[in-house]
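See structure below.
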Amino acid sequence: MKFFIDTANLADIREAQDMGILDGVTTNPSLMAKEGITGKDNVMRHYKQICDIVEGDVSAEVLGTTFDEMVREGEELAELDENIVVKVPMIKDGIKAIKYFTEKGIRTNCTLVFSAGQALLAAKAGATYVSPFVGRLDDISTDGVALIEQIVTIYRNYGYTTEVLAASVRHPMHLVQCAEIGADVMTGPLSVIKALLNHPLTDIGLAKFLEDNKKAATK
Ligand code: G3P
């Protein structure tokens with residue numbers, strides 16, 4: 001399973017990269033705004049900085065909602081760095097843009113996916129990744145992990161190569177459940193990745209090992 005970090009925070013990206021387990025980064029306009037990154041030049045510079053830190057795919061989202069706008073923005077983003085994946089919303093013009101990018105060899109991430117039918121469209125357009133939002137479905141009392149399972153099954157039925165990127169992963173059990181189902185990628189905040197480290201028996205066991213070693217050394 002690939003681990004992507006869902007943030008535009010450079011310190012968090014560096015920390016995840018330093019752990020040696022990071023496969024890529026996803027961002028969205030809200031995450032960029034959270035870091036105070038606004039204006040085209042600043043946004044482009046920030047994406048380049050992220051690409052310089054990470055050895056892996058970096059999803060950069062278009063802001064346009066028409067085919068022409070998305071194509072113009074996406075082509076500029078793809079020029080920035082070979083690791084840029086153009087993130088395109090699940091709308092009619094978005095599907096058309098994904099198909100266009102696919103034919104041009106530009107990789108895409110189809111975002112804001114909340115149903116299996118939307119995921120099918122993304123795969124048919126040739127998206128590199130599809131991003132179903134697990135947490136946001138859970139927020140409205142709908143089983144987000146079940147959607148991941150449904151999409152994985154459908155893609156396997158037909159051999160689609162689009163990778164299932166479980167997005168809006170909010171806690172470690174989301175991540176583990178998505179891994180059990182066979183999601184290709186998960187993206188979530190650094191806190192979710194770090195939460196995987198935690199087990200009280202690990203802490204108790206380590207403290208005991210160190211204490212026993214200390215006791216033996218002082219005998
Ligand atoms: O980047 C898309 C998705 O991961 C957002 O997550 O937590 O804002 O629903 P969240």
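Ligands are counted one by one from 1 in listed order, and the atoms in each one are counted from 1 as well.
- The residues lining ligand 1, counting any heavy atom closer than 4.0 Å, are Asp6, Asn28, Lys87, Phe133, Arg136, Ala167, Ser168, Arg170.
- With hydrogens and angles left out, the side-chain atoms of Thr66 and Glu69 include a donor and acceptor closer than 3.5 Å.
- No donor-acceptor pair under 3.5 Å is formed between the side chain of Thr111 and the backbone N or O of Ser131.
- Under the 3.5 Å distance criterion, the side-chain polar atoms of Asn213 are left unmatched by any main-chain donor or acceptor of Phe209.
- Using bins of under 30°, 30° to 60° and over 60° for the plane-to-plane angle, the ring pair His171/His174 lands in the parallel bin.
- Between Glu61 and Tyr47, the side chains place no donor N or O within less than 3.5 Å of an acceptor N or O (distance only, hydrogens not considered).
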Exercise for the section: Give the C-alpha distance, both sets of side-chain angles, the deciding distance and a yes or no for side chain to side chain contact (heavy atoms under 4.5 Å, CB included) between Asp23 and Asp57. Expected result: CA-CA 7 Å; Asp23 300 299; Asp57 290 348; over 6 Å; no
